[in-house]
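What follows is a short report on a single structure.
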Amino acid sequence: MSVPRARIAPSPTGPLHIGTARTALFNYLFARHEGGTFILRLEDTDQARGSLAYEKDILDGLHWLGLDWDEGPEVAGEAARGPFAPYRQMLRLPLYEEASERLLAADLAYRCYCTPEELEADRKAQEAAHLPPRYVGRCAALTPEERAAREADGRRGALRFRVGTGVVAFDDIVRGRVEIDVSNLGGDFVIVRSDGSPLYHFVVVVDDAAMQISHVIRGEDHLSNTPKHILLFRALGYQVPEFAHLPLILNPDRTKMSKRKSQTAVSDYIAEGFVREALVNYLALLGWATGTEEEVLSIDDIVEKFELTAVHKGGAVFDRERLEWLNGQWIRRLEPDDLIDRLRPFVEADLAAGRIDWMPTDEEIRALLPVVSERLPTLGAIGDLVGFLWVHELRYEPALLVPKRWDAATTREALVGARARIAEAGAVAFEAEELEPVLRSLAEARGWKVGDLFMAIRVAVTGRTATPPLFDTLVALGHDRAVERLDGAIEALETLAPA
RNA sequence: GCCCCCAUCGUCUAGAGGCCUAGGACGCCACCCUUUCAAGGUGGAGAUCAGGGGUUCGAAUCCCCUUGGGGGUACCA
């Protein structure tokens, strides 16, 4: 058997969708596992809805995911790659033209001059009669004279493909045998608009054939359209490829995942700080499983184990909680240098947004990694976690300083004591191992619960009740700033408990 | 409406006739660890395998019906 060729054919009518990313991933996994070729083709024939910005978002997203294509369109100044260029449909118009001429000449397709109004009226009538909507065939058997008359009226005519009669059957790799009677296709369908631009069902077939795609792997939403494609492949004399229809990714209510009900843009997940490893890992496990109990898998692990025949038939609800768990797993697996590189843009974003006052150095971030990595559900959580380290002034309610078992006077007394010990420790060595026994002994001497004392200090130096371990936090802050913040807290307590 | 597809814990799934009194993971609940929050560890609740008929010595696994859900029905992709 020749080398398998799979493709992802996104349409730039919106930002990269999670569903498209998943389909791309499965095509990539299949191609890599089989030693085949992974192709990217831009389906940009919908000029009304498409845009270059979306195109860039899609390409960037696929690159970010690590789904590099062997053949694909020119991008960012780089030339198209592959023997079947161009890889964007608006550049392939002559091919569709040639194919449609062929169908027309063989009377496998015909010109249709129906107006939108006429078609709309047909549809309404059918609806009223409780009949399935279908093209009535008004132009299916026009005489040359009738055609000439309509052309003379200035009508250009769309091109309709004759679907004929019979049953189209195919063996879908994930669904098994599928049979659909042609009579359910809605009648002869348009393959070229009256303005001359070709439609999806047509171009997808012409291109898949031209690019010698051997496996069409796409979402289940295309299952019902597949007979149209098969009919076209046959009419054009092309070999029909293998099909594999993937289960859909669902909203929590089990409808097809949509922007309306879920976060569908890959760029939004990137912006939140999900890492590619986690998203790839998560997406691969939606509708497919290794058959083992392993859950945390690298893309290479997945490529090795992936089998299209093991893909599910039923749809899968997108579960963000599970994605977050995997994200944490992967964040903890990243090498320090790598993690720092990935964290930096998020810290920069916090700076730009005014959430912090200055940019920490890489070394400062590196020092934080041991206590921070296990507390990051996403990279974007970094500012929320330790942003207090990089601000000039803390803002919090003084009442927050008082542990629940204490009153303001006790808290003030404790902070004064802690301030003295910490200031003193700084003269020797400002390290977690030095600080802890000193403060523990303070609590012990006064009969305070260490948790209460530590909490008061925690709030005083961070402004919050949930933070990384206190002593690591103090060290990160540095002696001078720690003392300064303790002084600030003691002062803030004046309003609650005058000295 | 019509056509097509699907159906195991709340969610993602293991399961391809006996290994299943249905396993794992997320989430949830306890406990342990512990200065908070996490992470980690241990344990627990949670699915009569949508329901009903068959086939079989034996069915989550095969067949049929019902129900439920989804997708498709454009001069969108």
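Within every chain, numbering begins at 1; the chains are lettered A, B, ... in the order of the sequence lines, protein sequences first and strands thereafter. This is a predicted model, so every value here is computed, not measured.
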_Go nucleotide by nucleotide along RNA chain B from the 5' end; which of Thr467(A) and Arg49(A) gets its closest nucleotide reached first?_
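Taking each residue's closest nucleotide, the earlier one in sequence belongs to Thr467(A).
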Whichever of Tyr113(A) and Glu293(A) has its nearest RNA chain B nucleotide further upstream toward 5' =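 Of the two residues, Glu293(A) wins.
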It should be established whether Arg160(A) places a side-chain nitrogen or oxygen under 4.0 Å from OP1 or OP2 of nucleotide C75(B).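 So the side-chain polar atoms of Arg160(A) do come within 4.0 Å of the phosphate oxygens OP1 or OP2 of C75(B), strictly under.
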Would one find a side-chain N or O of Arg193(A) under 4.0 angstrom from OP1 or OP2 of A74(B)?
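Indeed not, no polar side-chain atom of Arg193(A) lies that close.
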Counting the atoms with a prime plus P, OP1 and OP2 as sugar-phosphate, which does [X] contact under 4.0 Å by heavy atoms, base, sugar-phosphate, or nothing?
{"X": "Pro227(A)", "value": "nothing"}
{"X": "Gly328(A)", "value": "nothing"}
{"X": "Leu248(A)", "value": "sugar-phosphate"}

Aromatic ring pairing [X]/[Y], orientation class (parallel under 30°, perpendicular over 60°, tilted between):
{"X": "His229(A)", "Y": "Tyr200(A)", "answer": "perpendicular"}
{"X": "Phe243(A)", "Y": "Phe233(A)", "answer": "perpendicular"}
{"X": "Phe161(A)", "Y": "Phe189(A)", "answer": "tilted"}

What pairs of nitrogen or oxygen atoms, one from the protein and one from nucleotides 5-11 of chain B, lie under 3.5 Å apart?
residue	atom	partner	partner atom	Å
C5(B)	O2'	Arg175(A)	NH1	2.4

Practice task
Under the side chain to side chain donor-acceptor pair (under 3.5 Å) rule, what do Arg421(A) and Ser441(A) come out as? Steps first, then yes or no, please.
Solution key: CA-CA 10 Å; Arg421(A) 300 274 180 123; Ser441(A) 73; 3.2 Å; yes
Can you tell me whether the side chain of Ser194(A) and the base of C75(B) have a donor-acceptor pair closer than 3.5 Å?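 By the distance-only test, yes, there is a pair.
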Tell whether Thr255(A) reaches the base of G70(B) with its side chain through a donor-acceptor pair below 3.5 angstrom.
->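 Flag unset: no donor-acceptor pair detected.
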Tell me, please, which residues at least two apart from [X] pass side-chain contact (heavy atoms from CB on, under 4.5 Å).
{"X": "Asp188(A)", "result": "Tyr110(A), Tyr135(A), Ala140(A), Arg160(A), Arg162(A), Val163(A)"}
{"X": "Asp57(A)", "result": "Pro15(A), Leu16(A), Ser267(A)"}
{"X": "Ala121(A)", "result": "none"}

Give each protein N/O atom lying under 3.5 Å from an N/O atom of nucleotides 15-22 of chain B, with the pair distance.
none

Check: Please walk me through it: do Ser197(A) and Arg193(A) pass side chain to side chain donor-acceptor pair (under 3.5 Å)?
Finding: CA-CA 5 Å; Ser197(A) 63; Arg193(A) 292 185 183 90; 2.9 Å; yes
Using a cutoff of under 3.5 Å, can you pull out all pairs of nitrogen or oxygen atoms linking the protein to nucleotides 62-67 of chain B, with atom names and distances?
none

Among pairs that include at least one residue of residues 465-477 of chain A, which meet salt bridge (charged side-chain N to carboxylate O under 4.0 Å, His left out), considering only residues two or more places apart or in two chains?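 Residue pairs passing salt bridge (charged side-chain N to carboxylate O under 4.0 Å, His left out), neighbours aside: none found.
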Listed partners of [X] passing salt bridge (charged side-chain N to carboxylate O under 4.0 Å, His left out), at least two apart:
{"X": "Arg150(A)", "answer": "none"}
{"X": "Arg138(A)", "answer": "Asp122(A)"}
{"X": "Arg92(A)", "answer": "Asp207(A)"}

- prompt: Residues from residues 372-382 of chain A sitting under 4.0 Å of RNA chain B, heavy atoms only?
  reply: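 RNA chain B contact set from residues 372-382 of chain A: Glu374(A), Arg375(A).
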In 5'-to-3' order, the base (B), backbone-only (S) or no-contact (-) status of each nucleotide in nucleotides 40-49 of chain B, using a 4.0 angstrom heavy-atom cut-off, is S---------
Side chains of Thr410(A) and Arg446(A) only: does a donor on one sit below 3.5 Å from an acceptor on the other?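 The criterion, which ignores hydrogens and geometry beyond distance, is not satisfied for Arg446(A) and Thr410(A).
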